[in-house]
Protein chains: 2
Amino acid sequence: MSAEDNLLKLVEAEEPDENDYRLQEQVGFILRKAHQRHVSIFAAHIADLTPPQFAALAKLRDVGETSQNQLGTLIAMDAATVKGVIDRLRARGLVDLSKHEVDKRRLLVNLTAEGRDAVERLIPLAREITQETLAPLSAKEIATFMKLLAKLA
Amino acid sequence: MSAEDNLLKLVEAEEPDENDYRLQEQVGFILRKAHQRHVSIFAAHIADLTPPQFAALAKLRDVGETSQNQLGTLIAMDAATVKGVIDRLRARGLVDLSKHEVDKRRLLVNLTAEGRDAVERLIPLAREITQETLAPLSAKEIATFMKLLAKLA
DNA sequence: TTGATATCATTTGCATACGAACGAATTTCG
DNA sequence: CGAAATTCGTTCGTATGCAAATGATATCAA
């Protein structure tokens with residue numbers, strides 16, 4: 001088949017040009033990069049905690065004692081992932097675990113005093129992280145972006 | 001200090017209310033969820049390859065033979081990560097490796113015939129993945145969102 | 001009541017992701 | 001030229017993230 005035939009077929013079928021797939025313009029690729037950038041900014045401000053670890057602490061501050069699975073649901077982590085995160089926070093004395101009195105399947109997670117202090121101390125830094133992540137955008141752009149991003153998540 | 005004093009201090013200094021940090025509204029948290037959703041959509045369309053693996057193949061299709069590190073730069077992966085990705089693609093016969101004739105430090109990566117076939121076959125699916133990821137947005141919103149997301153990445 | 005289902009948590013295996021340390025090769029510069 | 005700095009790749013350790021399998025407990029329904 002000649003190049004002209006190819007072009008013709010393309011036009012007739014209104015197919016996208018397969019030779020013109022640009023990785024750098026795909027949402028998934030840019031989303032991955034934006035996420036990487038945020039994690040990097042986070043690490044620069046809060047060196048001794050990861051974003052998921054901070055998310056767990058911040059959410060526990062909101063809702064108080066919850067089961068491990070429930071916490072996972074609240075911060076968008078599956079059971080296997082949340083277990084690892086909680087284990088590490090527990091090893092550092094930031095949360096503690098106890099068994100549910102009634103439902104013996106459940107593992108209750110709570111902030112320790114130290115954990116509570118840590119969240120309170122870190123929240124101002126978390127605000128800075130959010131600001132710095134959004135710094136390339138104007139106030140108006142931020143409002144628009146957050147609205148659209150929320151729709152995608 | 002009384003609660004009223006606290007409130008007064010807050011208003012005077014125009015400080016954010018520390019009791020009002022909402023994890024669910026932070027860019028980082030939503031960015032992480034949006035990325036998770038995209039990976040999930042990707043997996044539903046392309047089961048036997050991960051987004052980073054596909055990114056490596058798609059980029060190799062663009063630029064042809066490159067060094068492992070250079071490829072990593074192009075697809076936003078550090079040296080350690082790209083090595084793992086390429087190792088797995090190589091084990092499956094989708095890329096092959098060779099030594100740079102002149103610069104003996106460099107490891108050249110190339111698509112195999114099978115690898116090239118795979119990318120060409122998968123690109124239409126990748127377009128669908130992009131579409132489905134952006135499906136919650138209108139055409140106009142997509143244009144806006146992509147512009148702003150690119151600024152953040 | 002009991003048998004089927006569902007839920008909670010754990011474990012294993014695999015795949016990113018990155019910092020840090022390292023050796024080998026190359027480039028820069030005094 | 002030759003020492004210092006840089007680049008390329010590898011390895012190790014740690015931390016998500018998820019699928020799948022499993023065991024324990026709880027709930028539902030016949």
Side-chain angles (χ1 to χ4, degrees), chain A residues 28-29 31-44 46-57 65-92 94 97-109, chain B residues 28-29 31-44 46-57 65-92 94 97-109:
Chain A
F29 185 79
L31 221 37
R32 176 171 149 270
K33 287 214 300 178
H35 180 247
Q36 282 177 2
R37 173 169 168 272
H38 172 261
V39 172
S40 168
I41 292 172
F42 188 102
I46 301 181
D48 59 343
L49 227 50
T50 65
Q53 287 168 1
F54 176 75
L57 296 182
E65 189 176 62
T66 4
S67 74
Q68 198 175 261
N69 264 10
Q70 176 59 18
L71 179 60
T73 300
L74 293 172
I75 57 180
M77 279 178 221
D78 70 9
T81 301
V82 82
K83 183 191 186 333
V85 172
I86 294 302
D87 278 355
R88 284 179 284 276
L89 292 176
R90 181 178 172 282
R92 294 172 52 178
L94 299 177
L97 305 177
S98 58
K99 289 179 182 173
H100 192 287
E101 299 279 323
V102 178
D103 189 338
K104 295 175 187 171
R105 295 169 306 177
R106 292 189 198 163
L107 190 61
L108 297 175
V109 191
Chain B
F29 185 79
L31 221 37
R32 176 171 149 271
K33 287 214 301 177
H35 182 246
Q36 281 177 2
R37 173 168 168 271
H38 172 261
V39 171
S40 167
I41 291 171
F42 189 102
I46 301 181
D48 59 344
L49 228 49
T50 64
Q53 287 168 1
F54 176 75
L57 296 182
E65 190 176 60
T66 4
S67 74
Q68 198 175 264
N69 266 8
Q70 175 60 20
L71 180 60
T73 300
L74 294 172
I75 56 180
M77 279 178 222
D78 71 8
T81 301
V82 81
K83 182 188 187 333
V85 173
I86 294 303
D87 278 356
R88 284 180 284 277
L89 291 176
R90 182 178 171 282
R92 293 171 53 178
L94 300 176
L97 306 176
S98 57
K99 289 179 183 173
H100 192 287
E101 300 278 324
V102 178
D103 189 338
K104 294 175 188 172
R105 294 170 305 178
R106 292 190 197 162
L107 190 61
L108 297 176
V109 190

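In the text below, chain A, chain B and the rest are named by the order of the sequence lines, each starting its count at 1.
Atom pair A:L107:CG and D:dT25:P shows a separation of 14 Å (rounding to whole Å applied). Between the CG atom of B:L71 and the P atom of D:dG9 there is a distance of 10 Å, given to the nearest Å. Atom CG in B:D78 sits about 6 Å away from atom C1' in C:dA17, given to the nearest Å. The CG-C1' distance, from A:L89 to D:dA15, rounds to 12 Å in whole Å. At whole-Å resolution of the value, CD in A:E101 and C1' in C:dC8 are 17 Å apart. Atom NE2 in A:H35 sits about 6 Å away from atom P in D:dG17, given to the nearest Å. Summarising the geometry, the separation between CG on A:D87 and P on C:dT11 is reported as 8 Å, rounded to the nearest angstrom. Rounded to an integer number of Å, the gap from B:F42 CZ to D:dC18 C1' is 15 Å.
Side chain B:R105 to base D:dT7: a donor-acceptor pair is found below 3.5 Å.
Among the protein residues, A:T50 comes within range of the sugar-phosphate backbone only, with heavy atoms under 4.0 Å from sugar or phosphate atoms but none that close to a base. If you check every strand for non-hydrogen atoms under 4.0 Å, B:V85 touches sugar and phosphate atoms only. Nucleic acid contact class of B:V102 (heavy atoms, under 4.0 Å, all strands): sugar-phosphate only.
In this structure, the side chains of A:I46 and A:D48 come closer than 4.5 Å at one or more pairs of heavy atoms. The shortest distance between side-chain heavy atoms of B:K83 and B:Q68 falls below 4.5 Å. Contact check for A:V82 versus A:T73: no side-chain heavy atoms found under the 4.5 Å cut-off.
The 5' end of DNA chain D is approached more closely, in terms of each residue's nearest nucleotide, by B:Q70 than by the other of B:Q70 and A:R92. Comparing A:A79 and A:R32 by the nucleotide of DNA chain C whose heavy atom lies nearest to each, the residue mapping closer to the 5' end is A:A79. Of the two residues contacting DNA chain C, namely B:D103 and A:S40, the nearest-nucleotide position lying further toward the 5' end is that of A:S40.
Checking C:dA17, C:dT11, C:dA9 against every side-chain atom of A:N69, the shortest atom distance belongs to C:dA9. In the set D:dA15, D:dT25, D:dG9, the nucleotide with an atom closest to the side chain of B:R106 is D:dG9. Closest to the side chain of B:K83, out of D:dG17, C:dT26, D:dT10, is D:dT10. The side chain of A:A80 lies closest to C:dT12, out of C:dT16, C:dC18, C:dT12.
Remark: A:Q36 is not in phosphate contact with C:dT16, judged by side-chain N or O atoms under 4.0 Å from OP1 or OP2.
Between B:Q36 and A:A76 the shortest heavy-atom distance is NE2-O, 3.3 Å.
Looking at A:R88, its side chain never comes within 3.5 Å of a backbone N or O of A:Q53 through a donor-acceptor pair.
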